[in-house]
2 protein chains.
Amino acid sequence: MQDALIHHIQKFVQLESHEIDVLESCLGLSQIKKKEHVLQEGQICNTMYFVVKGCMRQYIINSKGTEQTLQFGIENWWITDYLSYHNHVPSHFYIQAVETTDVIAIEKSVLDSLLIQIPKLEKYFRIVAQKAFGAAQMRIKFLFTMSAEERYNHFKNLQPDFVQRVPQYMLASYLDFSAEFMSKIRAGKV
Amino acid sequence: MQDALIHHIQKFVQLESHEIDVLESCLGLSQIKKKEHVLQEGQICNTMYFVVKGCMRQYIINSKGTEQTLQFGIENWWITDYLSYHNHVPSHFYIQAVETTDVIAIEKSVLDSLLIQIPKLEKYFRIVAQKAFGAAQMRIKFLFTMSAEERYNHFKNLQPDFVQRVPQYMLASYLDFSAEFMSKIRAGKV
DNA sequence: TTAAAAACTTGAACTACTTCAAGAAATTCA
DNA sequence: TGAATTTCTTGAAGTAGTTCAAGTTTTTAA
């Protein structure tokens with residue numbers, strides 16, 4: 001089932017059949033069990049994860065000991081700590097499976113060699129990163145301009161299914177309010 | 001003075017001299033006057049801007065009519081709306097010169113042809129975008145975990161000169177608090 | 001299939017910030 | 001250079017959210 005990734009790549013660049021062969025020979029699927037971590041704070045991140053099926057998240061533990069989710073990664077998303085990955089510095093983040101998740105994990109050394117063998121992958125990863133950055137800017141815009149309730153409703157409109165899929169407290173922290181406040185929003189008590 | 005960009009590119013990939021010639025022939029410097037806009041909300045963004053000297057910012061106008069800065073771009077930074085750029089949709093943002101600024105403005109059509117002529121530029125833009133996304137994630141972490149005063153002090157430690165360089169109200173909105181509160185933080189009245 | 005663990009709810013007290021309004025200071029440019 | 005504009009300051013009142021603590025419901029796994 002590396003097909004999912006190859007299919008995603010082909011949305012942005014056209015692969016030759018020998019390039020597909022190379023990819024298929026290099027990429028393996030791994031299953032990450034629910035709550036299992038693929039990255040812990042303080043580790044150097046040298047792997048990128050492509051979510052084939054399931055859901056991963058990137059989070060931190062704040063000074064009060066509460067987890068705060070910074071990013072979810074669902075089907076067809078890449079998740080990694082790019083700063084740790086590029087600068088070889090310890091990560092500030094945890095990356096964990098929210099549900100049991102199938103990923104294609106690519107280590108930096110493997111990816112570097114793939115990028116040399118299949119140069120057009122550079123373009124694929126460029127576009128993916130530029131779009132992800134654009135999405136991060138929109139996220140900051142929403143955090144800046146919307147109230148907690150507006151952020152919840154906005155998210156629910158965009159991703160109605162996803163709201164059911166993760167624990168409320170994870171989504172609350174992703175939207176930058178407390179789990180208790182989420183409860184009150186949902187009950188209409190605000 | 002396209003040297004600044006060529007120098008920046010060479011931090012990530014090695015250019016041949018004929019590639020430098022191509023770049024020099026395609027890239028021109030423009031000067032954006034203080035307060036001049038290069039992008040307005042509702043326009044489709046089809047240009048990327050590399051700041052050679054000066055300072056640009058990306059901002060929105062919120063529902064109360066107040067400007068909120070989402071991003072500053074100083075020397076050696078790229079600034080654009082990647083979502084509008086890639087998806088050909090109207091931008092949510094304004095991009096404006098904070099001070100009179102020298103930029104290298106590259107239109108999408110020109111960049112697309114440069115990327116074909118000099119494929120290793122794909123790698124350069126990939127790395128730039130991945131690092132920018134990593135920085136955006138750190139930014140969200142700081143917004144989530146630090147108080148207003150901590151964000152101000154943190155920023156001042158990282159960028160001591162920059163704090164002097166832009167109006168306080170722009171920096172306040174970038175750090176997500178009001179201009180008045182910034183005043184009180186600086187006066188030690190909080 | 002049930003005990004333990006995880007997730008959710010509720011209300012009351014609190015607080016880190018915002019908003020408003022008005023004046024003072026600094027900067028701009030004709 | 002000086003009038004206009006922009007930026008910064010201050011205090012008082014208000015509020016959108018947090019925190020805490022305790023109980024309830026749901027999910028997990030042996």
Side-chain angles (χ1 to χ4, degrees), chain A residues 33-37 54-55 57 59-69 72 96-101 142-156 162-190, chain B residues 33-37 54-55 57 59-69 72 96-101 142-156 162-190:
Chain A
K33 289 259 179 314
K34 185 172 180 172
K35 294 196 183 165
E36 192 180 320
H37 287 90
C55 179
R57 67 164 178 151
Y59 71 95
I60 53 169
I61 297 185
N62 69 19
S63 54
K64 278 150 205 138
T66 311
E67 297 173 0
Q68 292 194 263
T69 300
F72 290 105
Q96 181 195 48
V98 176
E99 42 192 74
T100 297
T101 297
F142 295 136
L143 288 170
F144 275 17
T145 55
M146 291 180 176
S147 71
E149 192 175 6
E150 285 167 343
R151 294 198 297 278
Y152 173 71
N153 287 322
H154 176 82
F155 188 90
K156 204 173 72 166
F162 189 76
V163 174
Q164 320 296 343
R165 197 165 151 187
V166 297
Q168 264 181 50
Y169 72 90
M170 284 187 196
L171 184 54
S173 72
Y174 177 78
L175 296 174
D176 199 24
F177 47 75
S178 67
E180 293 91 337
F181 198 65
M182 167 78 99
S183 221
K184 285 162 197 176
I185 289 171
R186 288 169 52 109
K189 297 190 178 169
V190 18
Chain B
K33 290 262 179 312
K34 186 171 178 171
K35 295 194 183 169
E36 193 179 319
H37 287 88
C55 179
R57 68 165 177 149
Y59 71 96
I60 54 168
I61 298 184
N62 68 20
S63 54
K64 278 150 205 139
T66 310
E67 297 174 1
Q68 293 193 260
T69 300
F72 289 106
Q96 181 196 49
V98 177
E99 41 193 73
T100 297
T101 297
F142 295 136
L143 289 170
F144 275 17
T145 57
M146 292 180 175
S147 71
E149 192 176 5
E150 286 167 343
R151 294 198 298 276
Y152 173 71
N153 288 321
H154 176 82
F155 189 90
K156 204 174 74 169
F162 188 75
V163 174
Q164 319 298 341
R165 198 165 151 186
V166 297
Q168 266 181 48
Y169 73 89
M170 282 187 198
L171 184 53
S173 72
Y174 177 77
L175 295 173
D176 200 23
F177 46 75
S178 68
E180 294 91 336
F181 199 65
M182 166 78 100
S183 221
K184 285 161 198 177
I185 289 171
R186 288 169 51 109
K189 296 189 179 170
V190 20

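Keep in mind that what you see is a predicted model, and the values were worked out from it rather than measured. Chain letters run A, B, ... following the sequence lines, proteins first, then strands; residues in each count from 1.
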Heteroatom pairs (N/O) under 3.5 angstrom, protein to nucleotides 5-8 of chain D:
residue : atom : partner : partner atom : Å
D:dT7   : OP2  : B:Y169  : OH           : 3.0
D:dC8   : OP1  : B:Q168  : N            : 2.9
D:dC8   : OP2  : B:Q168  : N            : 2.9
D:dC8   : OP2  : B:Y169  : N            : 3.2

TODO: Starting at the 5' end of nucleotides 12-29 of chain C, put B wherever the base has a protein heavy atom under 4.0 Å, S where only the sugar-phosphate does, and a dash everywhere else.
DONE: B----SBBB-------S-

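Note: NZ (A:K33) to P (D:dT28) measures 15 Å, nearest angstrom. Rounded to whole Å, atom C1' of D:dT27 lies 18 Å from atom CZ of A:R165. When the P atom of D:dA16 is taken as reference, atom CE of A:M182 falls 19 Å away, rounded to whole Å.
Classified by interplanar angle (parallel below 30°, tilted 30° to 60°, perpendicular above 60°), the ring pair A:Y59/A:H37 is tilted. Using a 30° and 60° split on the angle between ring planes, B:Y174 and B:F155 fall in the perpendicular class, above 60°.
One finds no side-chain N or O of A:K189 lying less than 4.0 angstrom from the OP1 or OP2 phosphate oxygen of C:dT9.
Rounding to the nearest 0.5 Å gives a distance of 10.0 Å between CD of A:E36 and OG1 of A:T101. To the nearest 0.5 angstrom, A:Y152 atom OH is 6.5 Å from A:Q168 atom CD.
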Task: From CA spacing to verdict: ring-ring contact (aromatic ring centres under 6.0 Å, His included), A:F72, A:F162 - done: CA-CA 10 Å; A:F72 290 105; A:F162 189 76; 4.9 Å; yes

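Formation of a donor-acceptor pair under 3.5 Å by the B:S173 side chain with backbone atoms of B:T69 is found in this model. Between the side chain of A:R151 and the backbone N or O of A:T145 there is no donor-acceptor pair closer than 3.5 Å.
Contact between B:R165 and B:G54 at its shortest, heavy atoms only, is NH2-O, 2.8 Å.
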